[in-house]
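Notes for the one structure printed next.
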There are 2 protein chains.
Amino acid sequence: MTATASPDADWLRLDRQICFSLHAASRAFNGVYRVILKDLGLTYPQYLVLLVLWEQGDLPVKKLGEQLRLDSGTLSPLVKRLEGAGLVRRERSAEDERSVRVHLTEEGAALRERALEVPRRIMSATGFDLAEIGELRARLDQLTTALDAAAQSEARSAR
Amino acid sequence: MTATASPDADWLRLDRQICFSLHAASRAFNGVYRVILKDLGLTYPQYLVLLVLWEQGDLPVKKLGEQLRLDSGTLSPLVKRLEGAGLVRRERSAEDERSVRVHLTEEGAALRERALEVPRRIMSATGFDLAEIGELRARLDQLTTALDAAAQSEARSAR
DNA sequence: CACAATTAAGTTGTGCACAATTAAGTGGCT
DNA sequence: AGCCACTTAATTGTGCACAACTTAATTGTG
């Protein structure tokens, strides 16, 4: 009974390979970042938060979440860990007491210098050139957009 | 100081877009699976384990881990949850007492019928056709291979 | 045979992702 | 003013990923 007995069985096989490939690639990326970021004492999601802050300056948690597609359930503890490491400060906004603004500390800003070499090392780890990466990125963004829309409509139709 | 003042700053921007796209796509896929698999009472990694078992029959945890690139730290509790749901049984191998074989229960085997429609729904959620998916899958597998090799050599050079 | 090295699972601890809920602040509207 | 809807964070609980370690069984070698 392990052989593919019907067209549906082939679909199950194929399916495994589509989503599984993405899943595996994502974890492989994570593994490389884990090794490279260890020197900086960062995890990959923490590094993403710092990338946004380095690029755009201080932001409220809400804005961080929009850019990274993460909610407060993920960001709150993550930012607190960054604060514990002395890389950021959290400050309630004076204008809107609901909002918490995340500021880079001097130490957090300084870490950017040491992070500058990370992209090159990642790039070389992929073995891809700029054009290939750009192509893949475009494909993945297209996929994400389609999947997000589908999840919405699936969730809607499940109500 | 938010503007890109050097070539290195551009690298940081670019970098965010490569790995971040993959990260986002992986989570988007997970979101769609979450919605679709809710009816079956499965998470996406649990579904992956069942896919392997449906296709290849009973396997030791070790073999499952090789195919899914997961270690016992992830698989042990996951398989126990599947056992708790009545979908699999775990049995110590008689020949090698170290090995635990994961068997589908009748209920677990029967769930396959209801899972047959999942791939089509996922496929349609991506908005991609078979050729595009195959192309993307090939690219991702290539990426995973390169990244795994790089993580090895990075880890080696860090010693 | 004895003992070291290896192997398979499981356990522990940390961190991320996300659903669901809570708490507190804001703004509109009558 | 009083009330209601909405917004922003934080919290709680579940599950996955992975490193580090433990336990028990097996294999290899002298």
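This one's a predicted model, so the numbers in the text were calculated from it and none came from an experiment. All values below were derived from every heavy atom in this structure, side-chain atoms included, with hydrogens, water molecules and symmetry-related copies excluded. Numbers restart at 1 for each chain; the letters A, B, ... are given by sequence-line order, proteins then strands.
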Quick one: CG on A/L50 to CZ on A/R112, what's the gap to the nearest 0.5 Å? 11.5 Å

Counting only side-chain nitrogens and oxygens, does B/R90 get under 4.0 Å of the OP1 or OP2 atom of C/dG10? yes

Tell me whether the guanidinium CZ or amine NZ of A/R69 lies under 6.0 angstrom from the six-membered ring centre of B/F20 and within 45° of its axis. no

Positions of residues 18-30 of chain B (non-hydrogen atom under 4.0 Å from DNA chain C), listed by number: B/H23, B/R27

Roughly, in whole Å, what's the span from CD in A/Q46 to P in C/dA17? 10 Å

Kindly state which residues belonging to residues 93-101 of chain B come within less than 4.0 angstrom of DNA chain D, counting heavy atoms of the residue only, listed by number. B/E95, B/D96, B/E97, B/R98

Could you measure the distance from the CG atom of B/L68 to the OG1 atom of B/T74? Nearest 0.5 Å is fine. 10.5 Å

Mind checking if A/T43 touches a base, just sugar-phosphate, or nothing, with heavy atoms under 4.0 Å? sugar-phosphate

Would you mind checking if A/D39 and A/R114 are paired as a salt bridge, meaning a charged N to carboxylate O distance below 4.0 Å? no

What is the nucleic acid contact for B/K63, judged by heavy atoms within less than 4.0 Å: base, sugar-phosphate only, or nothing? nothing

With side-chain contact (heavy atoms from CB on, under 4.5 Å) as the test, pick out the partner of B/L136 among A/L143, A/I18, A/L22. A/L143

If I take atom CD in residue A/E91 and atom C1' in nucleotide D/dT8, what distance separates them, rounded to the nearest angstrom? 17 Å

Dot-bracket encoding of pairs in DNA chain D, which uses [ ] for pseudoknotted crossings and | for another strand, Watson-Crick or G-U under 3.5 angstrom: ||||||||||||||||||||||||||||||

Does D/dT11 have its OP1 or OP2 closer than 4.0 Å to a side-chain nitrogen or oxygen of A/K80? yes

I need the CZ-P distance between B/R92 and C/dG10, as an integer number of Å. 6 Å

Whole angstroms only, please: what is the CG-P distance between B/L37 and C/dA19? 14 Å

Measuring from atom CD of A/Q67 to atom CG of A/L53, what distance do you get when rounded to the nearest 0.5 angstrom? 9.5 Å

Would you name the heavy atoms of B/Q46 and B/L42 that are closest together and state the gap between them? OE1-CA, 3.6 Å

Length of the line joining A/D71:CG and D/dG13:P, which is rounded to integer Å: 17 Å

Closest heavy-atom pair and its distance - B/V79, B/R90: CG1-CD, 3.4 Å

What is the distance, rounded to the nearest whole Å, between atom CG of A/L70 and atom P of C/dA19? 12 Å

Considering all heavy atoms of both residues, which atom of A/L78 and which atom of A/P45 are nearest to each other, and what is their separation? CD1-CB, 3.7 Å

Value in whole Å for how far the P atom of D/dA24 lies from NZ of B/K62: 20 Å

Distance below 4.0 Å between B/S72 side-chain N/O and C/dA9 OP1 or OP2: no

Students often mix this up, so state it plainly: with edges at 30° and 60°, are the rings of A/Y47 and A/W54 parallel, tilted or perpendicular? perpendicular

Spacing between B/L64 atom CG and C/dA9 atom C1', to the nearest angstrom: 13 Å

Most 5' of A/P77 and A/R34 on DNA chain D, judged by nearest nucleotide: A/P77

With rounding to the nearest 0.5 angstrom, report the NZ to CZ distance, A/K62 to A/R98. 10.0 Å

Closest listed nucleotide, where the reference is the side chain of A/P45 and the choices are D/dA17, C/dA9, C/dA17: C/dA17

NA contact type, A/L75, heavy-atom cut-off 4.0 Å: base, sugar-phosphate, or nothing? nothing

Closest heavy-atom pair, B/E97 versus B/R92, reported as atoms and distance to 0.1 Å, is O-NH1, 3.0 Å

